[in-house]
Each structure stands twice: as structure tokens, then as C-alpha cells.
Student: 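Let me begin by handing over the structure; questions about it come next.
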Amino acid sequence: MTTYPMKRVTIVTEALAREAIRRLLAEAGAHGYTIFPVEGAGAQGERPADIAEFGNIQVEVIARPAVAEELLGRLHREFFPKYAMIAYESEVRVLRGDKF
Amino acid sequence: MTTYPMKRVTIVTEALAREAIRRLLAEAGAHGYTIFPVEGAGAQGERPADIAEFGNIQVEVIARPAVAEELLGRLHREFFPKYAMIAYESEVRVLRGDKF
Amino acid sequence: MTTYPMKRVTIVTEALAREAIRRLLAEAGAHGYTIFPVEGAGAQGERPADIAEFGNIQVEVIARPAVAEELLGRLHREFFPKYAMIAYESEVRVLRGDKF
Amino acid sequence: MDLSQALAANLLSPAVLFFLLGALAAVARSDLKFPEPLYVTLTIYLLTAIGFKGGVAIAEAGLSRVWLPTLAAMALGAVIPLWTYPVLRFWGRLSKVNAAALAAHYGSVSAVTFIAATNYLKAVGQPYESYAAVFLAVMESPAILVGVLFGKLGVRGTNAGPAASVKTVVHEALLGRSVVLLVGALFVGALTGERGMAMVEPFFVSPFQGVLALFLLEMGTVAGRRLGDLRGVGMFLIGFGVLAPLTNGLLGLALGKMVGLELGGATLLGVLSASASYIAAPAAIRLSLPEANPTLYLTASLAITFPFNVTLGIPLYYGVARWLYS
Amino acid sequence: MDLSQALAANLLSPAVLFFLLGALAAVARSDLKFPEPLYVTLTIYLLTAIGFKGGVAIAEAGLSRVWLPTLAAMALGAVIPLWTYPVLRFWGRLSKVNAAALAAHYGSVSAVTFIAATNYLKAVGQPYESYAAVFLAVMESPAILVGVLFGKLGVRGTNAGPAASVKTVVHEALLGRSVVLLVGALFVGALTGERGMAMVEPFFVSPFQGVLALFLLEMGTVAGRRLGDLRGVGMFLIGFGVLAPLTNGLLGLALGKMVGLELGGATLLGVLSASASYIAAPAAIRLSLPEANPTLYLTASLAITFPFNVTLGIPLYYGVARWLYS
Amino acid sequence: MDLSQALAANLLSPAVLFFLLGALAAVARSDLKFPEPLYVTLTIYLLTAIGFKGGVAIAEAGLSRVWLPTLAAMALGAVIPLWTYPVLRFWGRLSKVNAAALAAHYGSVSAVTFIAATNYLKAVGQPYESYAAVFLAVMESPAILVGVLFGKLGVRGTNAGPAASVKTVVHEALLGRSVVLLVGALFVGALTGERGMAMVEPFFVSPFQGVLALFLLEMGTVAGRRLGDLRGVGMFLIGFGVLAPLTNGLLGLALGKMVGLELGGATLLGVLSASASYIAAPAAIRLSLPEANPTLYLTASLAITFPFNVTLGIPLYYGVARWLYS
Ligand SMILES: Nc1ncnc2c1ncn2[C@@H]1O[C@H](COP(=O)(O)O)[C@@H](O)[C@H]1O
Ligand SMILES: Nc1ncnc2c1ncn2[C@@H]1O[C@H](COP(=O)(O)O)[C@@H](O)[C@H]1O
Ligand SMILES: Nc1ncnc2c1ncn2[C@@H]1O[C@H](COP(=O)(O)O)[C@@H](O)[C@H]1O
Ligand code: NA
Ligand code: NA
Ligand code: NA
């Protein structure tokens with residue numbers, strides 16, 4: 001199978017940031033996303049997720065490198081100062097490169 | 001620790017494809033899988049996941065490169081025309097290489 | 001954006017191992033973790049996750065290579081003989097390298 | 001009670017109003033959304049409750065009164081695809097597999113529509129054969145099997161890919177969650193009878209109508225979110241989504257009268273016949289005919305037929321039944 | 001009944017004891033935790049039930065008796081931030097955006113506190129205007145809008161980033177889950193009246209107090225887990241978390257008397273005024289003023305004001321109301 | 001009522017029939033599966049309800065009547081591992097740590113089995129000391145602690161790895177979810193007494209039997225899915241899974257009579273003694289003795305002893321109790 005290199009951007013953050021993240025994704029030109037309900041712990045303490053609003057989500061976005069770059073940049077500038085959050089990218093190879 | 005290179009195949013698709021995917025995995029020779037209930041959006045619209053049957057799942061499979069290749073090929077030929085779906089692979093390093 | 005190379009350690013195991021894993025993470029010096037409720041199947045059969053206690057969790061940890069090495073080593077020695085479990089690592093690039 | 005009163009009695013019931021509330025909330029893009037496990041829980045509750053009550057009713061009525069209408073209901077389910085398929089295929093110009101998928105949905109049934117109808121009959125004081133739940137139980141699967149058969153014939157030759165074997169489909173149609181719950185609870189009810197009912201009545205009977213109201217709130221949001229897809233399916237399907245239930249409703253009423261049901265029971269058979277499945281059938285069809293386009297069958301059954309039946313259809317079928325029995 | 005009896009009646013009710021149990025379990029680091037969907041389910045149930053009952057009560061009382069106190073309640077919500085903001089800003093030395101966020105929380109309301117108060121009144125045999133649920137429905141949003149306005153003025157200039165547009169905030173404040181459920185159920189109740197109530201009473205009314213007890217168990221664990229944050233917020237905020245509800249409670253009582261409410265209804269308006277939001281407001285504020293520090297407003301409203309009101313506040317406001325009306 | 005009638009009364013109750021339905025569905029590989037949060041919700045409900053009722057009963061009976069049988073129950077739990085461990089070790093040829101794990105499971109108790117027994121006694125019209133819930137509360141932990149102790153002695157030397165410290169185990173055994181809910185609800189019930197009961201009865205009491213039926217449906221699927229593991233555990237363990245509850249049941253009945261319980265209460269103590277834990281004990285054992293093989297203890301307690309007790313055991317113990325008290 002021919003596969004195409006693409007970036008996967010992963011964001012773990014508080015559930016209340018959900019809409020803000022979705023707007024960011026739309027603005028940055030991502031064509032889709034997948035959201036996981038998760039629990040977690042980090043610098044800002046445990047987030048036990050028994051109230052959806054106080055829990056965490058993980059958002060995974062497959063995107064072209066330029067979009068990923070844009071996403072990470074805006075996360076860093078606009079979101080990190082305000083939300084409990086981590087973000088990272090990794091390399092993946094997708095089927096149907098034109099989809100992303 | 002000695003670790004062994006392996007492929008991780010990730011599939012995001014509609015929950016109703018679950019059994020079809022499981023049969024595919026068995027046929028392709030995967031030794032295991034992990035399934036996440038997720039929400040998402042993509043070319044085929046939002047999938048808000050309030051009815052399990054209309055929601056999404058993410059399936060992650062660690063497999064040898066040949067199995068991953070086979071999986072991706074069959075996904076492309078048999079599943080993509082019919083299901084809302086993305087699939088991609090990435091490199092991981094596992095403990096206990098003979099398990100996969 | 002400047003990003004920093006880091007390891008992502010992924011552990012899939014039975015939900016009852018949760019506290020043991022959390023203690024291990026603390027001891028190995030991980031600064032955070034994210035937990036997913038998942039279903040799965042592997043060498044030790046299907047885990048259909050209808051009772052939380054009998055289900056699976058996936059734990060993802062972003063950590064410096066030394067911590068990841070330590071984690072994998074201890075998982076191999078102490079956990080694999082006792083728990084249904086897989087573990088693997090992959091390369092990611094994070095924002096804010098000093099956070100991990 | 002004339003038709004306008006019958007309509008008002010339905011439209012002003014808590015259950016239907018909650019349904020409309022849910023649809024409105026979805027249209028207004030509110031974030032109101034039930035967690036998925038709650039949806040499943042409500043389904044499990046409604047199916048076991050209705051099945052259990054039906055079983056107790058069978059124990060009372062005796063099999064001798066139940067078997068004939070039950071067979072008729074079953075046959076009805078299997079027969080509906082036989083007329084809907086050609087109509088969809090030639091008037092609607094749908095592909096074979098899409099026509100087959102839709103035919104399966106309209107031959108199968110919607111448990112919630114049935115339950116809403118029992119609720120309605122209770123509200124207007126119309127007695128009915130409460131073993132009618134057995135019709136619900138036997139009508140879900142036959143149409144799915146017939147529809148899948150049609151569809152398989154349609155895609156023969158291109159059957160590369162993940163479509164399920166016939167065995168899997170039969171398994172899914174007969175052992176899917178809803179059939180197991182409904183049929184299983186019927187048996188439990190029939191075996192325990194009145195004595196068992198006394199034990200679980202405060203759980204399975206008293207709060208039933210309130211639970212239904214809550215569930216219809218959720219179903220309203222689900223249907224409301226689908227409304228946007230109406231534009232994509234074309235006028236034919238919108239018309240079909242209203243005319244098919246009307247036709248099937250009349251079929252069901254007539255058959256009900258023929259096999260000796262009372263006014264209430266015939267109404268329920270009419271409602272079942274008119275209703276289209278939007279959970280069991282989609283799951284089975286997605287598994288066995290993945291080539292069919294889900295937007296078509298989900299929009300038709302969930303965004304057109306289901307709201308139509310729950311708001312206007314039920315009192316309508318009841319009105320016709322009263323005329324038929326007068 | 002003197003004050004100590006009033007207190008005992010509250011502290012020894014199952015609901016409050018379950019709340020304390022939950023808090024204790026959290027402090028003892030038990031793994032007791034409700035699954036998140038259960039939390040949402042209980043919320044949906046409590047909100048629709050209280051809204052529905054309120055709607056039925058409106059249908060009975062007639063709009064002419066309801067509109068004035070409702071307007072008063074709404075105004076009260078909008079006005080509370082006007083005094084809390086400057087106090088927080090200058091005595092508490094909080095930043096503009098944190099002061100605005102807290103002001104929004106204390107002007108908005110806690111549905112659970114309201115429900116606990118109706119429970120209490122029922123337990124001590126005090127009748128109340130049951131359309132009071134409409135006050136709850138209208139008091140949630142105004143303060144949030146006012147608070148966000150204050151906050152936006154405070155962060156103007158630095159508005160780079162993900163803060164939501166005013167339109168989004170208004171949408172969230174008016175179409176958030178809790179408002180939709182409450183207002184929607186009010187309408188359903190008002191439209192169906194007594195006849196509808198008869199159908200759903202065994203679900204929405206009879207088990208209500210038990211469900212509340214279970215829910216407060218969960219809220220106890222949530223509040224208990226927050227107790228650790230008390231150290232981080234400073235003495236000022238701890239004092240504010242007790243004195244603000246006392247002040248607002250008196251305001252509400254006085255206003256209730258002025259607009260002609262009976263003893264029971266005035267108590268409820270006092271309780272609403274005294275209560276602080278910990279779900280709707282945090283969600284809206286996190287969306288529109290993400291610069292505000294959640295530890296401050298969540299700890300104050302959830303770990304101080306909420307437990308205070310549920311245990312001591314409610315009987316206290318009731319005691320004062322009795323004195324006011326004697 | 002002779003034994004066959006006693007058996008039929010149990011086997012034809014909705015709860016037991018739903019259990020069998022669930023097991024059948026699992027064996028037939030139906031996709032029937034409750035969402036996990038529903039499982040947790042039902043557990044929370046059943047435990048708080050049974051605890052609360054027990055607490056109210058204590059308030060009525062007075063501590064003076066309760067303390068002796070409670071101590072006896074506690075001692076019984078701690079003592080059962082003392083005979084099961086050597087039997088498993090030497091007749092069953094299990095490793096030290098597996099024998100210890102199983103001993104812990106059989107000394108501890110199954111709340112659902114207890115609840116099913118109270119249900120059964122209610123159905124056959126047999127009164128019982130309803131404070132018996134306190135026995136359930138105190139019997140869960142002691143055996144786990146004793147079993148873990150045995151196990152730790154067994155694996156000493158190889159204690160590299162993630163096994164928990166004694167402190168963690170004690171914490172888990174005493175502050176695990178089920179103990180907190182049960183003991184906590186007992187206290188709430190004891191403090192609020194009849195007055196509190198009046199408030200929450202329609203939630204905690206009336207629908208109880210129906211909820212139990214639904215829960216046993218789920219437990220049936222869980223147990224049914226485990227049936228396949230029976231082949232793996234060997235004949236010895238299958239025999240043990242039936243004979244151990246019979247032996248322990250007799251022990252409990254005899255002890256109950258000795259400490260002055262009535263027929264009903266002694267039956268319940270027998271049932272508790274006969275039951276094996278499949279939630280609390282596995283969780284604690286997995287944490288503290290991860291070397292033990294879960295297939296052994298889960299299959300024995302969940303796929304053998306639990307179904308045996310729920311279907312045949314309960315009426316059997318009751319039959320023996322009647323003979324003992326006649
Ligand atoms: N090192 C890490 N590995 C994996 N997830 C993390 C890590 N650090 C933080 N997280 C996740 O990101 C969320 C926010 O992190 P923080 O802002 O550090 O509290 C946490 O609740 C975790 O779910
Ligand atoms: N670019 C993307 N990044 C992450 N997930 C995606 C992306 N595109 C699609 N998905 C996921 O795949 C599902 C099906 O995609 P689609 O067929 O494009 O609708 C969506 O519902 C998402 O969960
Ligand atoms: N090849 C695999 N790919 C993805 N997940 C796996 C794989 N093998 C095992 N797992 C996960 O790890 C859990 C434990 O694996 P095992 O010990 O092999 O039963 C399974 O229940 C799965 O969730
Ligand atoms: Na039909
Ligand atoms: Na307030
Ligand atoms: Na026992």
C-alpha cells in the first residue's frame with residue numbers, strides 16, 4: 001500500500017476547552033479530529049473525570065505538516081497560558097494523502 | 001531494555017463497523033487489538049456519539065510490518081468505499097517482540 | 001514552533017493494575033499521565049469491559065528517554081509476569097520540553 | 001373524541017412535548033446531549049419492561065388467543081419489504097442495495113413508537129391487548145432478513161470485502177440486543193405471571209411513562225440533529241417517509257381486524273406496521289449491506305417517519321381504527 | 001421550631017448525611033467515585049423533574065401571580081455581581097478577570113442547593129410556591145452575562161487567543177444544558193398541567209428525594225476532593241465564601257417579601273440568591289474568560305459556599321424568613 | 001412448603017429468571033452487554049439501599065440486639081480462610097498464593113447473593129432481621145486481610161515488583177467502594193431512622209426488586225461469559241465451588257442459631273457465609289497478590305459459586321434452616 005507521511009498532533013487538556021479547541025482546529029484548516037474522554041494527572045493536579053466538565057479530553061488530529069506547525073504554534077501562544085494542557089506531534093503514514 | 005520495532009495501525013471508524021473490523025483483524029493475523037470509544041468529525045460530518053451505534057471507535061493494533069501492510073491494503077480496498085474511516089500507521093518499539 | 005524529542009510510553013493492561021501502575025509512574029519520575037478506558041483482546045482473551053474492574057485501561061506517558069527506559073524495564077521485570085499487558089514506546093516531539 | 005381531540009391528547013402529553021423539546025434543542029444547537037450509557041440504559045429498561053408486561057399478559061390470555069395474531073404480525077413484517085422494495089427501486093430510482101436497505105427498515109419496527117402508542121392508548125382510556133408486545137418482538141427480524149436477501153442478490157458479484165456472511169446476519173437479526181431483551185423478558189414475564197409482576201411492578205410499571213418521556217427527550221435531540229440531512233435525500237424520500245407509514249398503518253389495522261384483535265390491539269398492530277426501525281435495522285444493515293448509504297435510511301426512518309408517527313401518526317391510526325371498528 | 005431544631009432537621013436528613021458521607025470518603029481517599037454518565041443522568045433527572053413540577057405549578061397559579069417575582073429574581077441575579085465585583089476587586093485584591101469570574105458565580109445559582117432547600121421545606125412541613133422553580137430557571141444566566149462583560153472589559157487589549165466571542169457566550173448562557181432542561185421542562189409542565197403530572201408522577205415526583213440523596217453523595221465526594229485547595233485560596237476567599245451567601249440570602253429574602261411571596265417562596269428566593277453556581281458558570285467562564293483562575297472560583301463555590309448552604313445555610317435562611325414573616 | 005416448592009419459588013422469580021436469561025444470552029454469543037457505568041450505577045444503588053434499610057433497622061432494634069451476631073459474623077469471615085486454605089493447598093494442590101487468594105474470596109461475601117436471599121425470603125413470606133445488612137458490611141474485609149496475609153507469607157522472598165504494601169491493602173479492604181457505600185449508608189440509615197426512611201422509601205425500597213432483576217440480567221451475562229473458563233480450572237475447583245458454599249452455609253446457619261438469630265436472620269448469615277466475593281476480593285487480591293491467577297478465583301466464585309447460590313443454594317440453606325429451627 002502507498003502511504004503518505006503526515007503529522008499527528010495530540011492535545012490533552014481539560015474538557016471545558018473543547019469548543020475553543022474545535023474553533024482552533026477549524027481556523028487552522030484541520031479536516032477532522034478524534035476526541036477521547038480521558039483521565040489524567042500532570043502539573044496542575046489530578047483530573048479524576050467524574051464530572052464531565054471537570055475531566056480531560058485527548059484530541060488527535062492528523063494533518064499536513066504546515067497545519068500541524070500552525071496548530072502547535074497557536075496552542076503554545078494562546079492556550080498554554082490559560083489551560084491545563086500538553087501537546088505533541090508524531091510522525092504517521094496515512095492512506096489517502098489528499099484527505100488531510 | 002531491548003525493544004523491537006513494530007507497526008501500530010490506527011483505525012478510526014463508525015462503531016457499526018466493529019464486527020467487520022474484528023473479522024478483518026483475525027483474518028490478517030493480528031494477535032490482539034485495543035478499542036477506544038471516541039467522538040469525531042471528518043469528511044462525513046460530526047459523529048457525536050450519544051447513541052453507541054452511531055458513534056465512532058478507534059482501533060489500535062500492534063503488528064509486524066507484513067501484517068500491518070496486509071491490514072492497510074484490505075482496509076483501503078474493502079472498507080474505505082463503504083465506511084466513514086481513516087487509517088494510518090506509525091513506528092513503535094515493543095517489549096517482547098515475539099508476542100505480536 | 002520549537003519542539004523537543006521525547007518518548008511516549010504506552011501501556012495497555014487490566015484496569016485492576018491501575019494503582020500499581022500509578023505507583024510505578026511516580027517512582028520512575030514521570031511528571032504526568034493520561035488514562036483511557038478501553039476494551040481489548042490479546043493473548044489472555046477478550047476483555048469486554050462491562051465491569052470496570054474486569055476491563056482494560058491504556059496509559060500514555062510522555063517522558064524523557066531515561067525515564068521511559070526505566071519504566072519499560074520495570075514493566076518487563078515486575079509487571080509482565082503478573083498482569084495481562086502490552087507496552088511499547090514511540091517518538092514524539094513536545095512543546096515545552098522542560099515540562100516532562 | 002374526534003380527530004382533533006385525539007391529536008391534541010397526543011401532542012400535549014409530556015412524552016411528545018419532551019420529544020419536541022429535544023428536537024428544538026438540537027435545532028438551536030444547544031449542547032444538550034445524553035451520555036451514551038444513559039441512552040443504552042433507557043433502551044434496556046423500556047425493552048425489558050414492555051417485554052415483561054407482555055409476557056405476563058400472555059400468561060393470562062393463554063397461548064390459544066395469542067398465536068394467530070402473532071403469526072399474522074410476523075408475516076406482515078416479512079411482506080412489507082415486498083411492496084416497498086419495487087416502489088423504492090422504480091419510482092424512487094434507488095440502487096438495488098439502497099432500496100433493499102430501506103425496505104428492511106420499513107418492514108422492521110420501532111419499539112419506541114410502539115411504546116409511545118401504548119402510552120397514548122392509556123392516556124385516552126382505550127384498553128388494548130397487552131400481550132401485543134409479542135407482535136413487537138416478532139416483527140423486528142423478518143423484514144431485516146428479507147431486506148438483506150434482496151440486497152445480497154443486488155450486490156452479488158461485487159461481494160469482495162467485509163460484508164457479513166448469511167450466518168452472521170441471521171445471528172445478528174435473531175440475537176441482537178433488542179430481540180434478546182424483548183423476547184427474553186417476554187419469557188420471564190410469561191413464566192412468573194402475576195406473582196412476579198407484583199414483585200417488580202414499582203420498577204417496571206409505575207415509573208414507565210416518566211422514563212419514556214425522558215427517553216423521547218433524547219430521541220428528539222437525535223432526530224433533530226438529523227433534520228439537516230433532509231435536504232440531501234430528495235423529495236421522493238421525504239414523501240415516502242410519510243406515505244409508507246400511512247399505507248403500512250392501514251395494512252396493519254386491516255390485518256389486525258381480520259385476525260380478531262380488539263380496537264386497541266389493532267391500533268397497535270397498525271402502529272408497528274407503520275413504524276420504521278432506526279436502531280436494530282441500521283446495525284444489521286451496516287453489518288450485512290455496508291454498500292447501502294446510511295444517510296438515506298437513517299434520515300428517512302429517524303428524521304421523517306419516527307417524528308411523524310410519534311406526533312401525528314399514532315392518533316391518526318387510532319382515529320381510523322375507531323372508524324373501522326364503529 | 002427554634003433554630004437548633006431547624007438545623008438538626010436538615011443535618012439529619014438522608015440527603016445531607018449522604019453529602020457528608022461523600023465528603024468524608026473523599027477526605028479519607030476512598031476510591032468511591034460515581035461514573036461520569038451517572039452524574040450527568042442524575043443532573044438531567046433533577047433538572048427536568050424540578051422544571052416539570054414548576055411548570056405544572058405555573059399552570060395552576062396562573063401567569064399573573066408569577067411574573068412579578070420572576071422578574072425580581074432575574075434582576076437579583078443580574079445585580080449581585082454589581083456589589084460582589086468591587087468587593088472582590090478592592091478588598092480581595094483579585095485581578096479584574098478573577099473578580100469578574102467570581103462575581104458571575106455568585107450571581108448565578110446552584111440548582112442542587114435549590115432542590116435541597118425544597119426538600120428541607122417539605123421535611124419541616126413548610127408549604128411553598130412550587131412555581132419557584134421558575135426563579136431557578138431565570139437566575140442562572142443573567143449574572144454570567146454581567147460577569148463576562150466585566151471580565152471582557154478587564155482583559156481588553158490582551159484578547160489574543162481562544163476567548164469566545166460575545167455571541168458564543170450568550171449562546172452558551174442561554175442554551176447551555178441546564179437552562180434548556182429547566183426551561184424546557186417548565187414549558188412541558190405548564191402545557192400538560194395536572195393531566196400530564198398524573199402520568200409521570202411516579203417517575204418525576206415519588207423517587208425524587210431518594211435520587212437527590214444519591215446525587216448529594218456524589219457531590220460530597222466532588223466537594224471533598226476540592227477541600228485540599230482551600231489552603232491555596234487564602235483567608236479572604238474563605239470568608240467571602242460564607243459571608244457572600246449570608247448577604248445575598250438576606251437580599252433574596254427581603255426582595256421575596258417585597259414582591260409578595262409567602263414565607264416558603266421567599267426562603268427559596270433567599271436560597272437561590274445565596275447559592276453560587278459550580279457547573280453552568282464554570283463552563284461558561286472557562287469558555288469566555290479562560291484567563292480567570294478556576295481554582296479560585298471552583299474552590300469558593302464548590303468547597304465553601306455549596307457545603308455551607310446545604311448544611312447550615314438553608315435552615316438559617318429559613319429561620320430568618322420565619323422571623324421576617326412573624 | 002417443602003424443598004421442591006422452595007426451589008421453584010426461587011427459580012421462577014423474575015430476578016433468577018433474568019439471571020438465567022443473561023447467562024443464556026452470553027452462551028449464545030448475543031451482543032447483549034450493559035454499559036459499564038450502568039453496572040456501577042446498579043451496584044451503587046443496591047449497596048446504598050441495602051445499607052440504608054439495614055441502618056434504619058438497627059435504629060429500631062437497638063445496638064444491644066445487634067452487636068453479638070455482628071461480632072459473630074465478622075469472626076466467621078475471618079475464620080473461613082483458616083479451613084479453606086489448607087484444603088485448597090493440600091487436596092487441591094494449589095500454590096500457596098493461589099490457595100490464599102481463593103480462601104480470601106470464599107471468606108469474603110457477595111452482596112448480590114445476600115440481596116437475592118432477602119428477596120427470596122420476602123417472596124416466600126419469611127420475616128427476617130433486616131439489620132442483617134450489617135453482617136454483610138462487616139464480613140467483606142476480614143477474610144481479605146487474612147487471605148492476603150497468607151499470600152504474603154507464601155511469596156515472601158520474591159516480593160520484587162508491584163505488590164502493594166500492607167498499608168495499601170488495609171486501605172483498600174476498609175475504604176474500597178463497596179465497604180464505604182454499605183457502611184456509610186448503614187450510618188445514614190441509623191441516624192435518620194424511620195423519618196428518613198419515609199422520605200426516600202419510593203426510591204430505595206419500592207423499586208428495589210425490579211432493579212435487582214435488571215442487575216441479575218447483567219450478572220448473568222458476566223457469569224455466562226466466564227463459563228468457557230470452566231474447562232481450564234479442573235474438576236477439583238468445580239467441586240470446591242459447590243462444596244465450599246454448602247459447608248460454609250451450614251457453618252453460618254449453625255452460628256446464627258447459636259448467637260440467637262431468628263430463622264430468617266440465620267438463613268441470611270448462612271447465605272453470606274456460603275457466598276464468595278467476585279468484585280471486592282478480586283480487586284484487593286489483584287492489587288496485593290498479583291501473582292495469584294485470576295482465572296482460578298474468578299471462575300470459581302463467579303461462574304460456579306455465584307450461580308449455584310443464586311439458583312439452588314438460597315432455597316437449600318433456607319430449607320436446612322427451617323429444619324434446624326423446627
Ligand atoms: N507527562 C505526561 N504524560 C502524559 N500525559 C500528561 C503528562 N503531563 C500531563 N498530561 C496530561 O495533560 C493534562 C494536563 O496537564 P497539566 O497541565 O500538566 O496538568 C493532565 O491532566 C494529563 O492528562
Ligand atoms: N484529520 C483527522 N484527524 C483525526 N481524526 C480524523 C480526521 N479525519 C477523520 N477523522 C476521524 O475519522 C472519522 C471518519 O472520518 P470521515 O470518513 O472523514 O468522516 C471521523 O469521525 C473522525 O473521528
Ligand atoms: N497486538 C495488539 N495490539 C493492540 N493491543 C493489544 C495487542 N495485544 C494485546 N493488546 C492489548 O493488551 C491487553 C492485554 O494483552 P494480553 O496480555 O495479550 O491479553 C489486551 O486486552 C489488549 O487490549
Ligand atoms: Na414497520
Ligand atoms: Na446566587
Ligand atoms: Na463467604
Side-chain angles (χ1 to χ4, degrees), chain D residues 34-49 51-53 55-56 59 167-168 170-208 210-211 279-280 283-284 287, chain F residues 5 8-42 45-46 49 115-116 118-125 201-218 220-221 224:
Chain D
F34 280 24
E36 186 257 310
L38 174 53
Y39 171 84
V40 183
T41 300
L42 294 173
T43 317
I44 292 174
Y45 172 83
L46 292 173
L47 290 172
T48 43
F52 184 78
K53 279 184 278 184
V56 173
K167 214 182 111 211
T168 321
V170 174
H171 184 273
E172 167 80 7
L174 297 184
L175 286 175
R177 191 174 61 196
S178 50
V179 175
V180 167
L181 286 174
L182 204 48
V183 176
L186 266 170
F187 273 97
V188 173
L191 287 171
T192 61
E194 272 306 321
R195 216 178 41 82
M197 179 53 104
M199 297 171 75
V200 297
E201 189 153 20
F203 178 67
F204 278 131
V205 180
S206 326
F208 188 81
V211 177
I279 298 288
L287 187 66
Chain F
Q5 285 173 310
N10 196 44
L11 290 177
L12 288 180
S13 70
V16 173
L17 285 172
F18 272 116
F19 179 77
L20 296 175
L21 172 61
L24 264 178
V27 169
R29 306 211 127 256
S30 157
D31 68 347
L32 177 64
K33 208 180 85 173
F34 280 23
E36 185 257 309
L38 174 54
Y39 170 84
V40 182
T41 300
L42 293 173
Y45 173 83
L46 292 172
I115 292 173
T118 62
N119 230 25
Y120 174 73
L121 293 183
K122 226 172 288 162
V124 301
E201 189 153 19
F203 178 68
F204 278 132
V205 179
S206 326
F208 189 82
Q209 295 190 291
V211 177
L212 178 66
L214 206 62
F215 186 68
L216 281 177
L217 173 57
E218 158 74 356
T221 69

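To find a chain, count down the sequence lines: A is the first, B the second, and so on, and within it residues start at 1. For the numbers below, each heavy atom of this structure counts, side chains included, while hydrogens, waters and symmetry mates do not.
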Student: Measuring from atom CD1 of D:Ile44 to atom CG of F:Leu32, what distance do you get when rounded to the nearest 0.5 angstrom?
Tutor: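 So the gap between those two atoms works out to 6.5 Å.
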
Student: Identify the heavy atoms of D:Val40 and F:Pro35 that sit nearest to each other, and give their distance.
Tutor: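 Closest pair (atom of D:Val40, atom of F:Pro35, distance): CG1-CD, 3.6 Å.
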
Student: Work out which heavy atom in D:Val180 is nearest to a heavy atom in F:Ser30; give both atom names and the distance.
Tutor: CG2-OG, 3.5 Å

Student: Under 4.5 Å from any heavy atom of chain D, what part of F:Leu214 do you find: side chain, backbone, both or neither?
Tutor: side chain

Student: With only heavy atoms counted, which part of F:Leu217 is less than 4.5 Å from chain D, the side chain, the backbone, both or neither?
Tutor: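 Only the side chain of F:Leu217 comes within 4.5 Å of chain D.
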
Student: Say you draw a straight line from OG1 of F:Thr41 to CG of D:Leu38; how long is it, rounded to the nearest 0.5 Å?
Tutor: 9.5 Å

Student: Might you work through the side-chain contact (heavy atoms from CB on, under 4.5 Å) test for D:Phe187 and F:Leu21, ending with a clear yes or no?
Tutor: CA-CA 9 Å; D:Phe187 273 97; F:Leu21 172 61; over 6 Å; no

Student: What closest approach, in Å, do D:Pro37 and F:Pro37 show between heavy atoms, and which atom pair accounts for it?
Tutor: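 Between these two residues, the closest heavy atoms are CG-CG, 3.7 Å.
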
Student: Flag the one option from F:Leu20, F:Asn119, F:Leu17 with the top tally of heavy-atom pairs under 4.5 Å to chain D.
Tutor: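 Option with the greatest count: F:Leu17.
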
Student: To the nearest 0.5 Å, what is the distance between CE on D:Met199 and CZ on F:Phe208?
Tutor: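 Between D:Met199 CE and F:Phe208 CZ, I get 11.0 Å after rounding to 0.5 Å.
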
Student: Once you round to the nearest 0.5 Å, how far does CZ of D:Arg195 lie from OG of F:Ser13?
Tutor: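 Between atom CZ of D:Arg195 and atom OG of F:Ser13 there are 7.5 Å.
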
Student: With a 4.5 angstrom heavy-atom cut-off, which part of D:Ala185 approaches chain F: side chain, backbone, both or neither?
Tutor: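 Both parts, heavy atoms under 4.5 Å.
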
